Novice: 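Have a look at this one.
The sequence lines fix the lettering, A, B, ..., with proteins before strands; numbering per chain opens at 1. All values below come from the heavy atoms of this structure, side chains included, with hydrogens, waters and symmetry mates left out. Note that the coordinates shown come from a computational prediction; the quantities given were computed from them, not determined experimentally.
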There are 2 protein chains.
Amino acid sequence: MQNRLTIKDIARLSGVGKSTVSRVLNNESGVSERTRERVEAVMQQHGFSPSRSARAMRGQSDKVVAIIVTRLDSLSENLAVQTMLPVFYEQGYDPIMIESQFSPAMVEEHLGMLQRRNIDGVVLFGFTGIRAEILARWQPSLVLLAREAKGFASVCYDDEGAIQTLMQRLYDRGHRHISYLGVPHHDVTTGQRRHQAWLTFCKQHELATVSALPGLTMKQGYEHVAQVLMPETTALVCATDTLALGASKYLQEQRIESVQLASVGNTPLIKFLHPEIVTVDPGYAEAGRRAASQLIEQINGRSEPQQIVIPATLS
Amino acid sequence: MQNRLTIKDIARLSGVGKSTVSRVLNNESGVSERTRERVEAVMQQHGFSPSRSARAMRGQSDKVVAIIVTRLDSLSENLAVQTMLPVFYEQGYDPIMIESQFSPAMVEEHLGMLQRRNIDGVVLFGFTGIRAEILARWQPSLVLLAREAKGFASVCYDDEGAIQTLMQRLYDRGHRHISYLGVPHHDVTTGQRRHQAWLTFCKQHELATVSALPGLTMKQGYEHVAQVLMPETTALVCATDTLALGASKYLQEQRIESVQLASVGNTPLIKFLHPEIVTVDPGYAEAGRRAASQLIEQINGRSEPQQIVIPATLS
DNA sequence: CTGTTAGCGCGTTCAA
DNA sequence: TTGAACGCGCTAACAG
């Protein structure tokens, strides 16, 4: 708003030229210690901070990144975003948030907007169905979360590991009839991989395979548990804790206490409501941190797009 | 990144001067219909969009606003933010998100950063304990949510109305022993007002007043319900649905089915997990929309800071 | 090592 | 009604 001071002012106040101030500002070499210190002192004293827009105009980067979540109230995505924000802020990036509501059209529209705005980078949460040509332009400055795609940077959870850990734990506790409640295979990670890992474990240990893949809402969990509860079932693995919440509601209502629930994802909500559920932590917090720093590295050209997998830990 | 075209290019391509393009861009008067149409056609055709940073540098506004939530995973705040985002995007504002974690120090620090960045405005969620002199500088471009302060714009929920509605409903259903589980009074809105409204209703109808004000976490709800459950208690009003979730967990565990729960806040989670709970909708969605548009109006100088109250509706 | 100069893309005079 | 010139705050190229 009002007359903020500029490098010109700082220059005048410290008796040097504009460009020297600029050099100090950007930690460039070629400035004597004495001058640098003097200039820095003046900047401190006046609480000077350079105009973002002016820098952006020269440098082609306004230091803004976008985080596109599927839903603001996704428990798991929240945990990742929570650790992501501080990283961005520390590095001077402004993170703007966008909700995709699982709509590819909406994502494409937003990506278009982001491009027109010349945004620096994007973190895109678990998403499929976006046209390749749209995504392609973002290849150097995009990090996918919980999804991977050839040539793109991504941070994924160890779906197989998570399910294996869960199954092994249940198996060790003596369970031999472990049903599965999951997500359809068009969701490659949460859907296909987790289901497949469960199938594999069952095969290896010669267990019967009773499963359903209704989707990822609580309601779907609630409505479809019954399908996978056989008389002999003693445990149920859920692909997500949201599903587990739905399932657990059903079990409570039916007063079924003989079934051990287990799920991927240890959100605070489920830990509180149902501490008896066995969970593995897919590493949401770590995933957020990694995604943010990976994106920043890419933006600065310090790293090529990489595929990162976060190990799951029993919780 | 690469050579985006500028107004200069558009000017050349449409055979006019830069300033004419600028005028068209800003819908200024003083441009003939023919020229305007021609220029607009060229802009359309080349998908031109002006550089944000360049405009910002001239106009002192980069069209960025900040939304400071207490927690990313707050159920109620999520609902408000969800309706807020589209409003900002429609008006060309980039909403950046910040989590305060209920820490006044953190908010002050972030406000400082936002000021250095020359942000246009801030939506600040339910917060007290920030020094007045800090907040003062933001007075023209700040909207408080779920909190009010003299001289500041705010969007609040109708705490009294919500509780009254709830109580009346319970009373009509024949309940005469209605306990209360709430939040300490240092939280003026969710704490004091709701509690006071409950007290008032009880006085008017000569009901006994059994209550506890543990805080606003589920855990606190869970741990303190017992205190307010008398043998004669038939209903329990909770100040927030988070508290209600905690309380309800306790009731389930104790197999207590004789107590009707009621709470302020109809988040999808509680509607699904406990549809039997009587809830009022404080109007989260509407609050988000109003807050966003109020902020934009203020930024553009089209409105003075106002105090808005959203009516509660039975849900 | 440092100051001077020239733009970046846009809005805003001021003449024409 | 329009265009040319200037400057916003900053960085980069070039002098000194």
Novice: Which is true for B:Glu33 with a 4.0 Å heavy-atom rule: it touches a base, it touches only sugar-phosphate, or it touches nothing?
Specialist: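 The answer is nothing, as B:Glu33 stays clear of every strand by at least 4.0 Å.
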Novice: In terms of heavy-atom contacts, does CD of B:Gln44 have more than 12 from other residues, nucleotides or ligands at under 6.0 Å?
Specialist: no
Novice: Show the atom names and distances, to 0.1 Å, of all donor-acceptor pairs under 3.5 Å that link a side chain in residues 29-43 of chain A to residues at least two apart or in another chain.
Specialist:
unit_1: A:Ser32; atom_1: OG; unit_2: A:Thr35; atom_2: N; d: 3.2
unit_1: A:Ser32; atom_1: OG; unit_2: A:Thr35; atom_2: OG1; d: 2.5
unit_1: A:Arg36; atom_1: NH2; unit_2: A:Glu28; atom_2: O; d: 2.6
unit_1: A:Arg38; atom_1: NH1; unit_2: A:Ser14; atom_2: O; d: 2.5

Novice: To the nearest 0.5 Å, what is the distance between CZ (B:Arg147) and CZ (B:Phe125)?
Specialist: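 Answer for the CZ-CZ pair, B:Arg147 versus B:Phe125, is 11.5 Å.
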Novice: Whole-Å distance between C:dT13 P and B:Lys18 NZ?
Specialist: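 So the NZ-P distance, B:Lys18 to C:dT13, works out to 15 Å.
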Novice: On the nucleotide D:dG3, are OP1 or OP2 found under 4.0 Å from the side-chain N or O atoms that B:Thr20 carries?
Specialist: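 The answer is yes; a side-chain N or O of B:Thr20 sits under 4.0 Å from OP1 or OP2.
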Novice: Would you please confirm or rule out a distance under 4.0 Å between OP1 or OP2 of C:dT5 and any side-chain N or O of A:Ser19?
Specialist: no
Novice: Answer yes or no: does a side-chain N or O of B:Ser22 lie under 4.0 Å from OP1 or OP2 of C:dG11?
Specialist: yes
Novice: Looking at C:dG11, D:dT11, D:dG9, which one has an atom nearest to any side-chain atom of A:Asn26?
Specialist: D:dT11
Novice: Measuring from atom CZ of A:Arg137 to atom CG of A:Leu114, what distance do you get when rounded to the nearest 0.5 angstrom?
Specialist: 12.5 Å
Novice: Specify the residue among B:Arg36 and A:Phe48 whose closest nucleotide of DNA chain D lies further upstream toward the 5′ end.
Specialist: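 Nearest nucleotide further toward 5': that of B:Arg36.
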Novice: With the side chain of A:Met57 defined as its heavy atoms from C-beta on, choose the nearest nucleotide among D:dT11, D:dG9, C:dC10.
Specialist: D:dG9
Novice: Using a 6.0 Å cut-off, check whether atom CD of B:Glu109 has over 12 heavy atoms from anything other than its own residue.
Specialist: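 No, not enclosed.
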Novice: Within this structure, what is the CZ-to-C1' distance between B:Arg58 and D:dA5, rounded to whole angstrom?
Specialist: 13 Å
Novice: Angle, rounded to 10°, between the helical axes spanning five pairs at each terminus of the helix from C:dC1-D:dG16 to C:dA16-D:dT1?
Specialist: 40°
Novice: For atom CZ of B:Arg290, is the number of surrounding heavy atoms from other residues, nucleotides or ligands below 6.0 Å larger than 12?
Specialist: no
Novice: Would you check if A:Leu111 and A:Ile68 make a side-chain contact, meaning some heavy-atom pair closer than 4.5 Å?
Specialist: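 Side chain of A:Leu111 against side chain of A:Ile68, heavy atoms only: contact under 4.5 Å found.
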Novice: In terms of side-chain heavy atoms of B:Glu28, which of C:dG9, C:dT12, D:dC10 is nearest?
Specialist: C:dT12
Novice: Output the rounded distance in Å from CD1 (B:Ile7) to P (D:dT2).
Specialist: 16 Å
Novice: Whole angstroms only, please: what is the CZ-P distance between B:Arg55 and C:dC8?
Specialist: 19 Å
Novice: Please round to the nearest 0.5 Å and tell me the distance separating atom CD1 of A:Ile67 and atom CZ of A:Phe88.
Specialist: 5.5 Å
Novice: When the distance from CE of A:Met43 to C1' of D:dG9 is rounded to whole Å, what number comes out?
Specialist: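 Going from A:Met43 (CE) to D:dG9 (C1'), I get 15 Å.
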Novice: So, under a plain 3.5 Å distance rule, would you say the side chain of B:Arg52 forms a donor-acceptor pair with the base of C:dG9?
Specialist: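 Side chain to base: no pair present.
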Novice: Output the single nucleotide from D:dA12, C:dT2, D:dG9 whose closest atom is nearest the side chain of A:Ser32.
Specialist: C:dT2
Novice: Once you round it to whole Å, what is the distance between C1' of C:dT5 and CZ of A:Arg23?
Specialist: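 One finds 12 Å between C1' of C:dT5 and CZ of A:Arg23, rounded.
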Novice: Could you give the CG-to-C1' distance, from A:Asn118 to C:dG9, as a whole number of Å?
Specialist: 12 Å
Novice: Touch check for B:Thr35, heavy atoms < 4.0 angstrom, all strands: base, sugar-phosphate only, or nothing?
Specialist: sugar-phosphate
Novice: For B:Lys8 and C:dG7, give me the distance from atom NZ to atom C1', rounded to whole Å.
Specialist: 9 Å
Novice: Heavy atoms only, 4.0 Å cut-off, all strands: where does A:Val16 land among base, sugar-phosphate and nothing?
Specialist: sugar-phosphate
